[in-house]
Amino acid sequence: MTEHQKDRFATGVIYFLVGIVVILLAGILGNILINGLPHLSWHFLTSESSDFQAGGGVRDQLFNSVYLLILTTIISLPIALGAAIYLSEYARDNWITHLIRSTIEILSSLPSIVVGLFGYLLFVVQFGFGFSILSGALALTFFNLPILTSNIEESLKGVSATQREAGLALGLSNWKTIRGIVVPAALPGIITGVVLSGGRIFGEAATLIYTAGQSGSLVDYHNWNPLSPTSFLNVMRPAETLAVHIWKVNTEGIISDATAVSAATGALLVLVVIIFNLSARYFGNKLYQKLTAAK
Amino acid sequence: MENLSPAFITTFEASERALTTEHLDVLYGGTIQKLFDTSLQFKRNSITALIGASGSGKSTFLRSLNRMNDTVATVNGKIMFHGLNVNQANINVYELRKSIGMVFQKPNPFPKSIYDNITYALRADGEKNQQKLATIVEESLRAAALWDEVKDKLNQSALALSGGQQQRLCIARALALRPEIILLDEPASALDPVSTSKLEDTLKQLREKYTMVMVTHNMQQAARISDYTAFFHLGHAIEYDTTTNIFTNPQGAITEAYIQGSFG
C-alpha cells in the first residue's frame, strides 16, 4: 500500500468507528422517543401513578426527580466546589493529596447499588431519616461528589497560571484572585460538570431504591409548608423518581399498561434531561457573559 | 571558570533611590541557587533594563522584587523600599504589590470587560465610589496611551483587544493602583514590531511619574528606551551602568562578549 492509500484506509476505519457510535446512540434515542412519545400526554404528566389499574401518570415521579436533583445539587455543589478549589489551588503535591485524589477516583467508580446500600444503612437506618427525599439526596451527593469534584477541579486547572499571577501582582489575596478571577473564568467548565452530574442524578435508580424509597406518599401541591407531612416540599417523605418508577413497573408492577407507562416515562426522562441540559447551558452562558463581558 | 565577580556596579545618592537590593540570593528547592549576592540600586523616574542570556537570573531577580517568588523560592537578603526591608515575613505583600506593580511577558488581561479589568482590584479593595472609579479608569487608560482606542468600548471584553492593546491595558491596570515602581518582565516579547514601538513610547512617557525595571531579551529595546542597564550572567549581576556606557564601553569581558552577540 502506498502512503496515500494507508491514509485513506485509516481515515475510512475512523469514519466507520464513529459511524457505529452515532448509529447506536441515535438508535437508542430514537427507539426511546418513538416508543415513548405516543404515550406521553397531558393526562400522563398531571395525574398520579396507579398501582393496579391502567391509565396512571407520573406527576409525582416527575416532581420528585426534579426536586431531588435540585436538593442534591444544592448540597453537593458547594462541597464539590470547595474541594475542587482546594485540590486545584491550595493542595501541595504530597502523599496526602495523592491519597485524596485516589480516594476520589475510587469513589467515582463505586457501583451505585453499593452507594444505595451504604446510604440505606447510614441515613435511613442509623440516622433514622427513613426512606425519604433527604436520605436520597444525601446518598446521591455521595454518588455525585467524586465526579463533580474532579470535573470542577479540571476546569479550574484549565485557567491559565498567568491569570493567577495577574491577580497576585495587583495585590489581590489568593482567595480574592480565586473568587473573582479563577472561578468566573472556569464557569463554563463548572456548568458542564453540573450538567453532566445532573444527567446522572436524573437517571439514577439503584441508589434511590434503597434511600428515597419506591412508594409515593400522598402529596398535596397546594401545601407550601415544608414541615407538613403532606407537603410536596417535605424532605422527609418517601419519593419515587422517574427512573425508579421505570424499574418498578417493569419488575414489581402489576398494572396492565406497564410497557406503555415505562416507555412513556423513559421518553419523558430523556426529554427532561435534554431540557435541563439546554437550560443550564443557557443560564450558565448568561451568567458567564455577565461576569466576563464576553459576547 | 569565568570571572563572575562584578565588573562595575553603579550607585546613586540615597535620595535618588526608589528601590535597593542588598545581597539578594534566590534558591529554588532550598539548594539550587539561581541568584547570587545581588546588590543593585534603582534610580527614581528612570527605566532600568535587565539584560542577559536565558537562565542568567534576571527574571528571577525581577520577580523577587515584589515577592512573586515567595511561593516557589527562598529569597535571602534585603529589598529596601522607603527605608524598609520589604523582604521580611511580617510585610503585607498585598500592600507591597500595590506599590510595586508588575506587567508580564504575555498579556494577561482578565476575561472581563476593559472597565472591570482596571477596577476589579480597586473594588476588591473596597472602593465603591463609581465616579472615582470612572476617573481612575480614564486616567489609567490615558497614561497607558490606550484611552483613545477603547473609550467607546469600555464594557466590551478585554480579550477582544489586540495583543499590544492588551499589554497596554495590563499596564493601565497596574497604574490604577497608583504604584511607584513598575516591574516589566519582557513586556514586548509577545508583540509585533508596531505594537512594540507603541508600547515603548508609552513606557518612555511613564518615566516622568514612575520608576521602571524591565527585563528584556531585546538589546535594541534596552538601548532604545532604558536609562540604565544591568547585565546578568549565570545568576550574577556582572555590570550595571548607564545604558550608553554598557553598550559603548563595557568594563567586563563577559558583558562585552554578550553585547557583541558572542553568546546568549
Side-chain angles (χ1 to χ4, degrees), chain A residues 81 84-97 152 154-193 281 283-295, chain B residues 62-63 65-72 92-126 153-161 166 169-170 172-179 182-185 190:
Chain A
L81 192 60
I85 288 176
Y86 172 77
L87 286 172
S88 135
E89 309 294 320
Y90 291 94
R92 282 166 196 274
D93 198 18
N94 56 25
W95 67 271
I96 299 178
T97 45
I152 297 178
E154 284 309 310
S155 52
L156 291 174
K157 277 188 171 163
V159 178
S160 162
T162 60
Q163 290 287 316
R164 296 177 180 84
E165 279 189 330
L168 292 177
L170 288 172
L172 298 173
S173 64
N174 237 345
W175 168 240
K176 276 181 180 163
T177 305
I178 293 167
R179 195 196 61 194
I181 293 158
V182 179
V183 171
L187 205 59
I190 295 175
I191 289 163
T192 305
R281 279 183 199 288
F283 289 112
N285 280 336
K286 283 278 167 219
L287 180 63
Y288 181 68
Q289 282 169 12
K290 192 172 176 306
L291 288 172
T292 63
K295 280 277 144 52
Chain B
L62 188 83
R63 295 170 65 92
L65 297 178
N66 65 343
R67 305 272 303 267
M68 290 293 280
N69 273 341
D70 275 13
T71 51
V72 292
N92 180 343
V93 292
Y94 307 123
E95 287 304 317
L96 176 72
R97 288 173 190 154
K98 286 171 202 159
S99 300
I100 306 182
M102 191 165 212
V103 175
F104 295 87
Q105 189 167 1
K106 231 180 124 215
N108 54 0
F110 300 133
K112 297 176 187 293
S113 70
I114 295 169
Y115 190 90
D116 287 345
N117 256 277
I118 296 175
T119 57
Y120 181 72
L122 296 162
R123 284 186 289 120
D125 220 28
K153 45 181 181 182
L154 293 177
N155 290 319
Q156 290 181 22
S157 171
L159 302 183
L161 298 174
Q166 287 186 9
L169 176 64
C170 292
R173 185 172 68 181
L175 295 180
L177 297 168
R178 309 263 158 90
I182 304 169
L183 309 174
L184 303 124
D185 191 359

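None of these values were measured; they are calculated from a predicted model. Numbers restart at 1 for each chain; the letters A, B, ... are given by sequence-line order, proteins then strands.
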Contacting moiety of B:Pro179, where chain A heavy atoms sit under 4.5 Å: neither

Over all atoms of both residues, closest heavy-atom pair of A:Leu170 and B:Ala174: CD2-CA, 4.1 Å

B:Pro111 to A:Gln163 - nearest heavy-atom pair and separation: CD-OE1, 3.3 Å

Spatial distance of atom OG1 (B:Thr71) from atom CG (A:Leu168) [nearest 0.5 Å]: 7.5 Å

Those residues of residues 84-96 of chain A, ordered by number, that approach chain B below 4.5 Å (heavy atom to heavy atom): none

Part of B:Leu177 within contact of chain A (heavy atom distance under 4.5 Å): side chain

Using residues 95-102 of chain B as the side-chain source, report each donor-acceptor pair under 3.5 Å to any protein atom, sequence neighbours left out, with the distance given to one decimal.
residue, atom, partner, partner atom, Å
B:Glu95, OE2, B:Lys98, NZ, 3.0
B:Arg97, NE, B:Asn66, O, 3.1
B:Arg97, NH2, B:Arg67, O, 2.8
B:Lys98, NZ, B:Asp125, OD1, 2.9
B:Lys98, NZ, B:Asp125, OD2, 3.1

Minimum-distance pair of heavy atoms, taken over all atoms of B:Lys112 and A:Pro184: NZ-CG, 4.4 Å

Rounded distance [0.5 Å steps], CG in B:Asp185 versus CD in A:Glu165: 8.5 Å

Max heavy-atom pair count under 4.5 Å with chain B, selected residue of A:Gly167, A:Ser160, A:Gly180, A:Ala185: A:Gly180

Donor-acceptor under 3.5 Å (B:Lys106 side chain, A:Thr162 main chain): no

Segment of B:Arg63 engaging chain A (4.5 angstrom heavy-atom cut-off): side chain

Contacts of type salt bridge (Lys or Arg N to Asp or Glu O under 4.0 Å), residue A:Arg179, not counting sequence neighbours: none

Least distance between heavy atoms, A:Lys176 atom then B:Ala124 atom: NZ-O, 2.7 Å

Chain A contact via B:Phe110 - which portion, at a heavy-atom distance below 4.5 Å: both

Smallest separation among heavy atoms of A:Leu172 and B:Tyr120, with atom names: CD1-CE2, 3.6 Å

Salt bridge (Lys or Arg N to Asp or Glu O under 4.0 Å) against A:Lys157, all qualifying residues, sequence neighbours excluded: A:Glu153

